[in-house]
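A quick write-up on the structure given underneath.
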Amino acid sequence: MVRFDGVGLRYDAPGGRSAWGLLGLSFALAPGEFAWLLGPSGAGKSTLLRLMQLSLRATEGRVELLGEDVSRLRRHALPALRRRIGVVFQDDRLLPHLSARENVALPLRIQGVTEARVAADVEEMLRWVGLDHRGEDPPDILSGGERQRLAIARAIVARPALLVADEPTANLDEAQARRVIALLRELHRMGTTVVVATHSETLPAAYPARALLLESGRLVADEAAGA
Ligand code: ADP
């Protein structure tokens with residue numbers, strides 16, 4: 001499902017210098033697995049997730065996503081693969097001028113899905129994240145937790161095989177954070193592969209799962225659930 005072999009990512013730094021964001025990273029995730037991505041700020045979590053969502057390409061090593069060797073993929077093949085990967089960010093990145101319902105519909109509209117199916121799928125998603133009563137509301141009158149649940153609905157409405165979430169609970173209080181993580185765990189139970197970066201210690205303790213620990217761009221621990 002996801003396989004990294006000796007992956008490195010070098011960022012260009014000012015003055016023609018460069019710095020490693022990630023170095024020598026090797027691990028694999030099985031289909032349907034849930035993994036925490038842990039490590040202090042600056043460890044490389046966002047960089048790793050950006051490789052998994054194809055917004056960055058490795059400068060070294062081999063990245064395989066959903067059975068495709070990304071380094072060999074031609075540029076024109078990237079959008080189709082990207083559509084099979086859902087992304088949730090720390091800030092919700094919802095469009096303020098669209099209603100909650102229209103925000104969730106957007107990925108389906110871009111794919112040219114029929115309006116009847118858009119309507120049915122969007123309602124099902126809004127119900128699943130507990131926002132079926134907020135469909136007409138613009139995002140800015142929702143609470144932080146509601147907005148993040150809406151962002152999850154938008155990320156998964158097109159039924160991605162892989163969902164990556166970068167600090168999705170960073171701006172939420174604990175009750176809201178738990179609700180967001182409970183949704184991501186349920187998504188995993190339904191068969192989606194889920195990777196969640198967090199610097200929280202309480203959430204991984206409350207929801208034990210595989211944990212990849214990054215420090216200074218390197219994978220320093222890879223622990224099975226409950227280890
Ligand atoms: P985390 O998500 O764990 O906080 P990041 O992946 O954001 O870590 O950053 C890892 C390292 O890469 C840091 O040293 C950071 O300064 C560096 N870095 C991240 N993005 C860039 C960039 N666009 N250009 C140069 N360096 C970057």
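Every number for a ligand or one of its atoms is a count from 1 in the order of the listing.
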Nearest-contact summary for atom 7 (O) of ligand 1 - protein heavy atom, Å: Ser46 CB, 3.7 Å

How far is atom 24 (N) of ligand 1 from the closest protein heavy atom, and which atom is that? Tyr11 CD2, 3.5 Å

Within a distance of under 4.0 Å, is there any protein heavy atom near atom 15 (C) of ligand 1? no

What do you reckon, does Pro40 put a non-hydrogen atom under 4.0 Å from ligand 1? yes

Decide whether the shortest distance between a heavy atom of Gly42 and an atom of ligand 1 is less than 4.0 Å. yes

Is the closest basic N to carboxylate O distance between [X] and [Y] below 4.0 Å?
| X | Y | value |
| --- | --- | --- |
| Asp140 | Arg147 | no |
| Arg62 | Asp69 | yes |
| Glu186 | Arg149 | no |

At a 4.0 Å threshold, what atoms of ligand 1 neighbour a non-hydrogen atom of [X]?
| X | result |
| --- | --- |
| Lys45 | 1 (P), 2 (O), 3 (O), 4 (O), 6 (O), 8 (O) |
| Thr47 | 5 (P), 6 (O), 9 (O), 10 (C) |
| Gly44 | 1 (P), 3 (O), 5 (P), 6 (O), 8 (O), 10 (C) |

Would you say Arg218 has more than 12 foreign heavy atoms packed within less than 6.0 Å of its CZ? no

Using modelled atom types only, decide if a donor and an acceptor are shared between the side chain of Lys45 and the backbone of Val196 within a distance under 3.5 Å. no

Examine distances only and state if a side-chain atom of Ser143 and a backbone atom of Glu146 form a donor-acceptor pair shorter than 3.5 Å. yes

